[in-house]
Amino acid sequence: MFRRLYWVSETVLSDGTSRVLGIYTSIPDLIRNGLRHGADERLRLNLVKLDSGHPPFGVWNSPDFDDMEAALEQYVATDEMSKEHVVDLVNAVRASA
C-alpha cells in the first residue's frame, strides 16, 4: 500500500530545541525505531502528509498522549491505519514516557 501519511519522531530538550529521530511510514516501524529518547528529553510525534507544506495532521508530545487514540480514529475509518496498530502505538508511547 502506498503511504500518504508519515510519522516524524523527534526528541525535544528543555530549551525547546529538537532533533529528528526519523521518518516512518508505518506504526510498527515507528514503534520499533522511533520512540527512543533520553531521560532528559521529551518525545514529539508528528503525523504529516507526504509532500505537503501544510501543518501536521497531529502533533503529540510526551508524556501526554491521552488524545492520540481518539484523534487517530479518523485514519482507522479510512483504512490508512489499523485499530490494532493504533492501540499498539498508544501503549508503546505510554510505556516510553
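Computed from a predicted structure; not experimentally measured.
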*Got a donor-acceptor contact below 3.5 angstrom from the Asp15 side chain to the Thr17 backbone?*
yes
For residues 68-75, run the donor-acceptor check on the side chains, cut-off 3.5 Å, and write out each pair with its distance to 0.1 Å, sequence neighbours left out.
residue: Glu69; atom: OE2; partner: Lys83; partner atom: NZ; Å: 3.1
residue: Glu73; atom: OE2; partner: Lys83; partner atom: NZ; Å: 2.6
residue: Gln74; atom: NE2; partner: Ala71; partner atom: O; Å: 3.3

*Would you call Lys49 and His54 a side-chain contact if the rule is heavy atoms closer than 4.5 Å?*
no
*Going from OG on Ser9 to NE2 on His37, what distance comes out if it is rounded to the nearest 0.5 angstrom?*
8.5 Å
Without placing hydrogens or testing angles, list every side-chain donor-acceptor pair under 3.5 Å for residues 86-97, not counting sequence neighbours.
residue: Asn91; atom: ND2; partner: Val87; partner atom: O; Å: 3.3
residue: Ser96; atom: OG; partner: Val93; partner atom: O; Å: 3.0

*With sequence neighbours excluded, tell me which residues meet salt bridge (Lys or Arg N to Asp or Glu O under 4.0 Å) with Arg42.*
none
*Apply side-chain contact (heavy atoms from CB on, under 4.5 Å) to Trp7 and Leu47, showing your working.*
CA-CA 5 Å; Trp7 292 95; Leu47 182 62; 3.7 Å; yes
*Please check if Leu5 and Leu21 belong to a single hydrophobic cluster, counting links between Ile, Leu, Val, Met, Phe, Trp and Tyr side chain heavy atoms closer than 4.5 Å.*
yes
*Same cluster for Val20 and Val12 if Ile/Leu/Val/Met/Phe/Trp/Tyr side chains link at under 4.5 Å?*
no
*How long is the gap from CZ on Phe57 to CG on Asn46, to the nearest 0.5 Å?*
12.5 Å
*Is it true that Val59 and Leu50 fall in one hydrophobic cluster, defined by side-chain heavy atoms closer than 4.5 Å?*
no
*Is there a donor-acceptor pair under 3.5 Å between the side chain of Tyr24 and the backbone N or O of Asn33?*
yes
*Given side-chain contact (heavy atoms from CB on, under 4.5 Å), test Ser14 with Asp40 step by step and report yes or no.*
CA-CA 8 Å; Ser14 59; Asp40 60 336; over 6 Å; no
*With side chains defined as the heavy atoms from C-beta onward, is the minimum distance between Tyr6 and Thr25 less than 4.5 Å?*
yes
